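Working notes, beginning with the structure itself.
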Amino acid sequence: MITESILSALSAVVTFVLGLLPSLPAFPPEVQSALNQFATVVGDVVGVISYLYTPTILILAFTILIAVINFEAIYKLALWVYHKLRG
Amino acid sequence: MTSFLDRSRGVLLAALLLSSSLALSFTPWLASKVSAVSGYDNTVHTTETLYTSMTNFYIGGSNKTCSQSSDLSTTLFDGIRTNDDLFIYGDLDMEAIRASLDEAYANGSYSVTQGFVRAPLGNGNGTMEYILLVWSESGDGALNFTGSTPTTTLNAAADDFQFLMIGNRPLAGYGSVNCNLVVTQNFSGYNFPNKVVSSEDQNQTTGNDGFYRETRQVFVTSGFDITYPPGYEGTPIPENELRRRINPSVGYTLFSDGRLFAMGLSTPPCLPVGLTETTGCVSNYRLIYSVSLEDEVLFEQTVDRTEPFNAVLPGYETYQLRVQFVLPSGPVPPISPDVIAMPVTFVLVFDGTGVDGGTIGNDCEVVGDVFVCEAADPYEDCSLLYNYVTIADTTFPLISIESLVCSVNNFGLWLRSTLISLFVPGYSFYQNWYQSITTFFESKLGFLGTSIGFLFNLLGAVVTGAVATSCIIAPPGEIFGTPLVINVCDLEGIIGSSAFTAMQVVIIGVTMVVLITAGVRKYFEVVDRR
C-alpha cells in the first residue's frame, strides 16, 4: 500500500514533468517493424540452435565462450585473488 | 483524588477484562448456535452395495420361500435387457425402455436407489424390497434437494426422465409370479419415482396396531448432476462407478518466500476399458502443472508423476495452480463416455505466509468439469483447543492456554501478512506500473525510446529462444509467393531420429572441442606473454 503510493506518486511526478517537454520524433513505423522482425528472427535462430544443442549445453557453451573471450581479465583477477590470499 | 481515579481505572480495567473473557468464552458457542447449517444434512443415506434380496417373502396372501437369485444387482442392467424371466407388469414398451437404458448406461446418466419396506401387508407382516432406477437418455439428469426440515427430499429431474422399479414384492391382489422379480412402473402403489431418497423414509416404528414397520431408502449410485445446498455437511451422494470422475491427487507447499513445491501423490488413475490401450490403473502417466495469475499463465511444465514441480511466485497475489493428467497416449480427454477427467485447480493466496495444501484435507468441490480446491487457510483453528465444561446439560467452551497460544500465533501471522501487504505491492501492480512507465517513455522519447526498447526486445527474444526451444525460423519475405519458413524438425523426419541424434552429438562435440581448444590456446598465449 505504502510502496504502491510512493511509486505511483513518483511516476506521476516524472510523467508530469516530462509531459511539459516536447516529445522526440519516433522512428518511422517501417523501421520499428523491421527492428521487431529482426528481434523475432534472432529469437527463432537462437531457438533452433537451442533445439540442436539442448538448452543446458547451449548455456554451458555460451558460458565457456564468455570465459574464453574474457580469459585475460579472468586470469588477472584470479592471480590477484591468489596473491591477496598468499598475503 | 488520585487514588480514587486509580481505583476507578482498576475497576474499569477489571470489568473490561472480565467482559472480554466472557465474550471470548461464549463466542464459539454462540457461533455454533447461529452458524448456517444446511437443513438437508439428514436427507441422504447411502449403501455401497445393493441389499441381498430376500428369498422369503409374501405372495398372494401367504409367505413363500423362493429360490430366487439373491443378488438384485445382477438384474439391474443386463438383467433388464436380457433376462426373459422377469415379470413385466403394466403396459411397458420394454424394447424402447431397453434401448433408452442402453443410452443412459453409456453416458452414465442414471441413478439407483434401494428401498426396503416392512409393513402390515395383507393379513400379516409383509416386506417389500425394490430398486428404483431412474435415468435420462439425453444425459441431462439432475438431483435437487427440496422440502424443509424435518421432511427433506432428494428429487431426480430430467427433460426425458424415465424410471423403472425392480423388486421382489408381488403386486397387491396379484397371484403367484413364480418368484420372478417384477419390473414395473407402479410398485404396490408407489408412484413417486422422482423422489429418490427422503429423510422421512428412514423409520423403524411399532404402530398402535402392534405391527412393526420399517422403511429404509438408501442411495446406491448416481451419474446425475448434483448441486449441494449451501453449508451441506451430510453424506455425499455416491457417484457412478461407470462414469467416474478422476482428478490428479496432488499435494503442495507454498513457502513464505514464494517458492512453490507441488507433487502428485502416488494414486494412479484407474480408467475404464477403452480409454487407454491398457486397462485398469495407469502408472506411467505425467502431470501438467501450470501457475497462472488472473488469465496469464506464468509457468507451465509437464513432469513425470514421480517428479516434483517447482516454481517461484513473483509477488504477493492470488494465483491458480492447475494440475492435469497426461497419459502415454496423450492428454486425457476432459469428457468421454466413460470418464470425466477433471483438472484440479488450487487457489493459492501468497501473502508471505507459508501453507501446505492439496487435494487431501483441503476444501475441494466439483465445479463444472474442474475439481476446485479453495486456498489452504494458514490460520490454525484455535477452537479445537478449547476445553469444555458441562453445566446443567449444556456444554460451554472455555479458553485454554493452548488456544490462547494458538490465537497469538494466528495474530502474528495476520500482523505479518498485513504489514507485508502494506509495504510490498502485488505482482500485478508492478506489471501495470512498469507497463505504463514504458509506454510513456516510448511515446515521449521517440526514436531514443524505440532503440532502448529494441535492445530489451532482442535480449528477451534471445533468452526466450534459448529456454523454449523451437524448430522454425520464419524470416520476413517470400520465395516465389510462398512465405519462407525453415523447419529444422523436418530434417529429423527426413534423416531419421537416430541419425539426427548422432548429428547433434557431433555438433555438440565439435563445438566443445573448439571452445576448449580456444581456451587452452588463450591460456598459453596469456601465460607466455607474461
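In what follows, chains are A, B, ... by sequence order, proteins preceding strands, each numbered from 1. Model, not experiment: these values are computed from the prediction. Heavy atoms only: backbone and side chains are in, while hydrogens, waters and symmetry mates are out.
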*Kindly determine whether Leu52(A) and Met503(B) satisfy side chain to side chain contact (heavy atoms under 4.5 Å, CB included), including the steps that lead there.*
CA-CA 9 Å; Leu52(A) 289 172; Met503(B) 188 189 80; 4.1 Å; yes

_Please identify, among Val41(A), Thr15(A), Ile49(A), the residue contributing the most non-hydrogen atom pairs under 4.5 Å to chain B._
Thr15(A)

*Over 12 non-hydrogen atoms of neighbours within 6.0 angstrom of CZ in Phe38(A)*: no

*Could you grab the distance from atom CD1 of Ile57(A) to atom CD1 of Ile507(B), nearest 0.5 Å is fine?*
12.5 Å

*Which atoms of Leu10(A) come close to chain B, meaning under 4.5 Å heavy atom to heavy atom: side chain ones, backbone ones, both, or neither?*
neither

_Residue Leu58(A) versus chain B: region with a heavy atom under 4.5 Å_ = side chain

_What part of Val462(B) gets within 4.5 angstrom of chain A, counting heavy atoms only: side chain, backbone, both, or neither?_
both

*Candidate pair Ser451(B) and Phe27(A), rule side chain to side chain contact (heavy atoms under 4.5 Å, CB included), full reasoning*: CA-CA 9 Å; Ser451(B) 308; Phe27(A) 272 129; 3.7 Å; yes

*asked:* Between Tyr75(A) and chain B, with a heavy-atom cut-off of 4.5 Å, which part of the residue counts as in contact: side chain, backbone, both or neither?
replied: side chain

_To the nearest 0.5 Å, what is the distance between CH2 on Trp433(B) and OG on Ser11(A)?_
6.5 Å

*Determine the option with the most heavy-atom pairs under 4.5 angstrom with chain A, choosing from Val514(B), Thr511(B), Val527(B), Leu448(B).*
Thr511(B)

*Under 4.5 Å heavy-atom distance to chain B, tell me which part of Glu4(A) shows up: side chain, backbone, both or neither.*
both

_Tell me the closest heavy-atom pair linking Ile64(A) and Met512(B), and the distance in Å._
CD1-SD, 4.1 Å

*asked:* Show, in sequence, the C-alpha distance, side-chain angles and deciding distance for Phe440(B) and Leu18(A), and conclude whether the side chain to side chain contact (heavy atoms under 4.5 Å, CB included) test is met.
replied: CA-CA 9 Å; Phe440(B) 174 75; Leu18(A) 288 180; 3.7 Å; yes

_Interchain contact, Ser443(B) with chain A, by part (heavy-atom threshold 4.5 Å)_ = backbone

*Parallel, tilted or perpendicular: ring planes of Phe71(A) versus Tyr523(B), cut at 30 and 60 degrees*: perpendicular

*What part of Val45(A) is in contact with chain B, defined as an atom under 4.5 angstrom from a non-hydrogen atom: side chain, backbone, both or neither?*
both

*Would you check if the side chain of Gln32(A) reaches a backbone N or O of Phe447(B) as a donor-acceptor pair within less than 3.5 Å?*
no

_Only pairs of heavy atoms separated by less than 4.5 Å count here; which of Gly19(A), Gly43(A), Pro28(A), Ser23(A) has the most with chain B?_
Ser23(A)

*So with a 6.0 Å cut-off around CZ of Phe261(B), is the heavy-atom count from everything else above 12?*
yes

*Okay, side chain of Lys444(B), backbone of Pro22(A): is any donor-acceptor separation there less than 3.5 Å?*
no

*Does any heavy atom of chain B fall under 4.5 Å from the side chain of Thr56(A), the backbone, both, or neither of them?*
neither

*Between Val14(A) and Phe441(B), does a side chain to side chain contact (heavy atoms under 4.5 Å, CB included) hold up when you go through it step by step?*
CA-CA 10 Å; Val14(A) 170; Phe441(B) 275 103; 3.9 Å; yes

*With a 4.5 angstrom heavy-atom cut-off, could you sort out which part of Leu458(B) is near chain A: side chain, backbone, both or neither?*
both

*Where on Ile437(B) is there a heavy atom nearer than 4.5 Å to chain A: the side chain, the backbone, both, or neither?*
side chain

*When only pairs under 4.5 Å are counted, which of Ala67(A), Ser5(A), Ala39(A) shares the most heavy-atom pairs with chain B?*
Ala39(A)

*asked:* So which residue, Ile6(A), Val68(A), Leu21(A), ends up with the most heavy-atom pairs under 4.5 Å with chain B?
replied: Val68(A)

